[in-house]
Amino acid sequence: MTYPTEVDLTTSYLGLRLSSPVVASAGPWGRDLHTIKALADAGVGAIVLPSLFEEEIVAEEVGLSSALEAGSEHFAEALGYFPATPEFTGAADRYLETLQQAKKELSIPIIASLNATSIGGWACYAMLLAEAGADAIELNVYRVPTDPQMTGGQVEQMDLALVSNVCASVPVPVAVKLSPYYSSLAHFAARVVSAGAAGLVLFNRFYQPDLDLETMNVVPKVELSRAWEQRLPLRWIAILRPQLGPGPSLAASSGAYTGTDVVKAIAVGADVAMMTSAILRHGPDHVRIVEYELSCWLEEHGYSSVAELRGSVSQTASADAGAFERANYVKTLHSWTKVG
Ligand SMILES: Cc1cc2nc3c(=O)[nH]c(=O)nc-3n(C[C@H](O)[C@H](O)[C@H](O)COP(=O)(O)O)c2cc1C
């Protein structure tokens, strides 16, 4: 596949120079350096490793200390209680090893992702990731607030405290991966940036568990996204880009499958378009096709670079973004025509 050579695909994300706006978002590639290398070979601009979950680390530490305690009560047999060494290699150690290995073997930026709950947890693990060579850190703020006593303001305050704590603790840029469910997303997004985030990833995807009627058990279910799911990040990036200005990086995450999906993300003001489902469905080499389509589209439409396209479609022209949104809502509902 030969790309139109005169088209410049480079972009800047979190202050990092990327060769392409197509980024592999957090996905199951962290377990296997092979896939990470294949993604780099296929041309992704950067790779986000899967999230290191605080709960995983804590669970392993609890498991380790109870195993040791059990051993100490029966000293004679204690040695027999020690599991084989690999099982004692904690989740954090395995993660750091993959990160270091990826940094050693690849030249593209590697972004480490972290999902923690406690303030101490976020800052401490973020520091470890930065020390291990992560070019940036993505905080995956995944929380389902189920406490009826907790107000929206309190939830936001907790998230902001986490963000500012991590941003102040690490020497590398921090992106925050948000859910679309904050009650005043534009306000909250601006506060996350003020708290020190160098960029926002829009959006996190919430996986809804299903119910198995045979066992009456709740079963986890990961569904790959569909192309129409890109509309939510597109809409919010179009709203936020003019409000936040050119400073903070914006990454579109959800439903990007093709080169034209990447075109749409950049056109509304994203710096990068992230992909997980498309890569899982079609394999790492799919990235080559996406970049080829992107280059061809840019050339055919008279753009010499991704930078030239960025933000060409956004709400800059609209003084009242809320009224613009409402007008579009009314227009959309009125556009329905009967099928068949
Ligand atoms: C199998 C799988 C694993 C994922 N793991 C993570 C993760 O560890 N951390 C995270 O922030 N997002 C994770 N995601 C979410 C993706 O990074 C992405 O935000 C989401 O899938 C939407 O993008 P897509 O439509 O390109 O898949 C995962 C998604 C899938 C399908």
Side-chain angles (χ1 to χ4, degrees), residues 8-52 95-115 125-140 163 166-167 169-178 193 196-202 204 237 246-253 256 262 265-266 269-276 278-279 284-288 290-291 294-295 305-307 310:
D8 175 8
L9 292 190
T10 58
T11 188
S12 165
Y13 179 59
L14 307 173
L16 306 164
R17 195 91 194 126
L18 309 193
S19 58
S20 161
V22 181
V23 167
S25 36
W29 9 92
R31 295 171 207 144
D32 141 38
L33 205 60
H34 212 71
T35 314
I36 296 177
K37 280 193 204 156
L39 285 166
D41 287 345
V44 288
I47 297 176
V48 186
L49 296 183
S51 303
L52 176 62
Y95 195 97
L96 296 176
E97 211 174 289
T98 309
L99 171 58
Q100 280 166 336
Q101 211 46 40
K103 279 302 299 170
K104 205 158 76 186
E105 298 193 26
L106 305 174
S107 57
I108 58 169
I110 305 291
I111 300 170
S113 166
L114 183 60
N115 184 310
Y125 297 123
M127 199 56 214
L128 284 176
L129 298 175
E131 280 169 0
D135 293 284
I137 289 172
E138 185 176 290
L139 297 184
N140 170 8
V163 172
V166 174
C167 293
S169 313
V170 291
V172 293
V174 174
V176 180
K177 191 171 188 180
L178 294 176
V193 171
L200 303 175
V201 182
L202 306 167
N204 220 335
I237 290 172
S249 293
L250 296 178
S253 171
V262 179
I266 306 293
D271 299 287
V272 295
M274 293 187 165
M275 287 186 177
T276 295
I279 295 168
D285 273 347
H286 181 65
V287 170
R288 292 181 207 275
V290 171
E291 288 179 353
L294 169 64
S295 306
S305 67
V306 159
R310 181 170 306 108

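The structure displayed is predicted, hence computed values, not measured ones. The first residue in the sequence is number 1, and the count goes up from there.
Side-chain contact check for Asp135 versus Lys103: some heavy-atom pair is nearer than 4.5 Å.
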Do Val306 and Asp8 pass the side chain to side chain contact (heavy atoms under 4.5 Å, CB included) test, and can you show the C-alpha distance, the side-chain angles, and the key distance before you say yes or no? CA-CA 6 Å; Val306 159; Asp8 175 8; over 6 Å; no
Could you check Leu129 against Leu96 for side chain to side chain contact (heavy atoms under 4.5 Å, CB included), going step by step and ending with a plain yes or no? CA-CA 7 Å; Leu129 298 175; Leu96 296 176; 3.8 Å; yes
With side chain to side chain contact (heavy atoms under 4.5 Å, CB included) as the criterion, how do Val163 and Val174 come out once you've worked through the C-alpha distance, each side chain's angles and the decisive distance to 0.1 Å? CA-CA 9 Å; Val163 172; Val174 174; 5.7 Å; no
Could you walk me through whether Leu128 and Leu52 pass side chain to side chain contact (heavy atoms under 4.5 Å, CB included), step by step? CA-CA 11 Å; Leu128 284 176; Leu52 176 62; over 6 Å; no
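Put simply, the side chain of Ser249 gets close to the backbone of Leu14: a donor and an acceptor are under 3.5 Å apart. A donor-acceptor pair is defined here as one N or O able to donate and one able to accept, closer than 3.5 Å; such a pair exists between the side chain of Asn115 and the backbone of Asn140.
With sequence neighbours excluded, the residues forming a side chain to side chain contact (heavy atoms under 4.5 Å, CB included) with Ala46 are Leu18, Val23, Pro109, Ile111, listed by chain and number. Partners of Ser25 according to the side chain to side chain donor-acceptor pair (under 3.5 Å) rule, which considers only residues two or more places apart in sequence or in another chain, are Thr276. For Gln101, the side chain to side chain contact (heavy atoms under 4.5 Å, CB included) partners are Leu33, Lys104, Glu105, not counting sequence neighbours.
Here the shortest heavy-atom pairing between Ser295 and Leu9 reads OG-CD1, 3.7 Å. The minimum heavy-atom distance between Trp29 and Met275, with the atom names listed, is CZ2-O, 4.1 Å. Counting all heavy atoms, side chain and backbone alike, Ser20 lies closest to Glu291 at OG-OE2, 2.5 Å. Counting all heavy atoms, side chain and backbone alike, Ala132 lies closest to Leu99 at CB-CD2, 3.7 Å. Here the closest non-hydrogen pair linking Pro21 and Ile266 is CB-CD1, 3.8 Å. Between Pro284 and Thr35, the closest heavy-atom pair is CG-CG2, 4.3 Å.
For the atom pair Ile137 CD1 and Cys167 SG, the distance stands at 9.5 Å (nearest 0.5 Å). Atom CG of Asp271 and atom CZ of Arg310 lie 4.5 Å apart (nearest 0.5 Å). Between the CG atom in Leu178 and the OG atom in Ser253 there is a gap of 11.0 Å [rounded to 0.5 Å]. Once rounded to the nearest 0.5 Å, the distance linking CD of Glu138 with CE of Met274 reads 5.0 Å. Atoms CD1 and CG, from Ile279 and Asp285 in turn, are 10.5 Å apart once rounded to the nearest 0.5 Å. Rounded to the nearest 0.5 Å, atoms OH (Tyr125) and OG (Ser169) are 14.0 Å apart.
When Val22, Ile108, Val44, Leu106 are each tested for a side chain to side chain contact (heavy atoms under 4.5 Å, CB included) with Leu39, only one passes: Val44.
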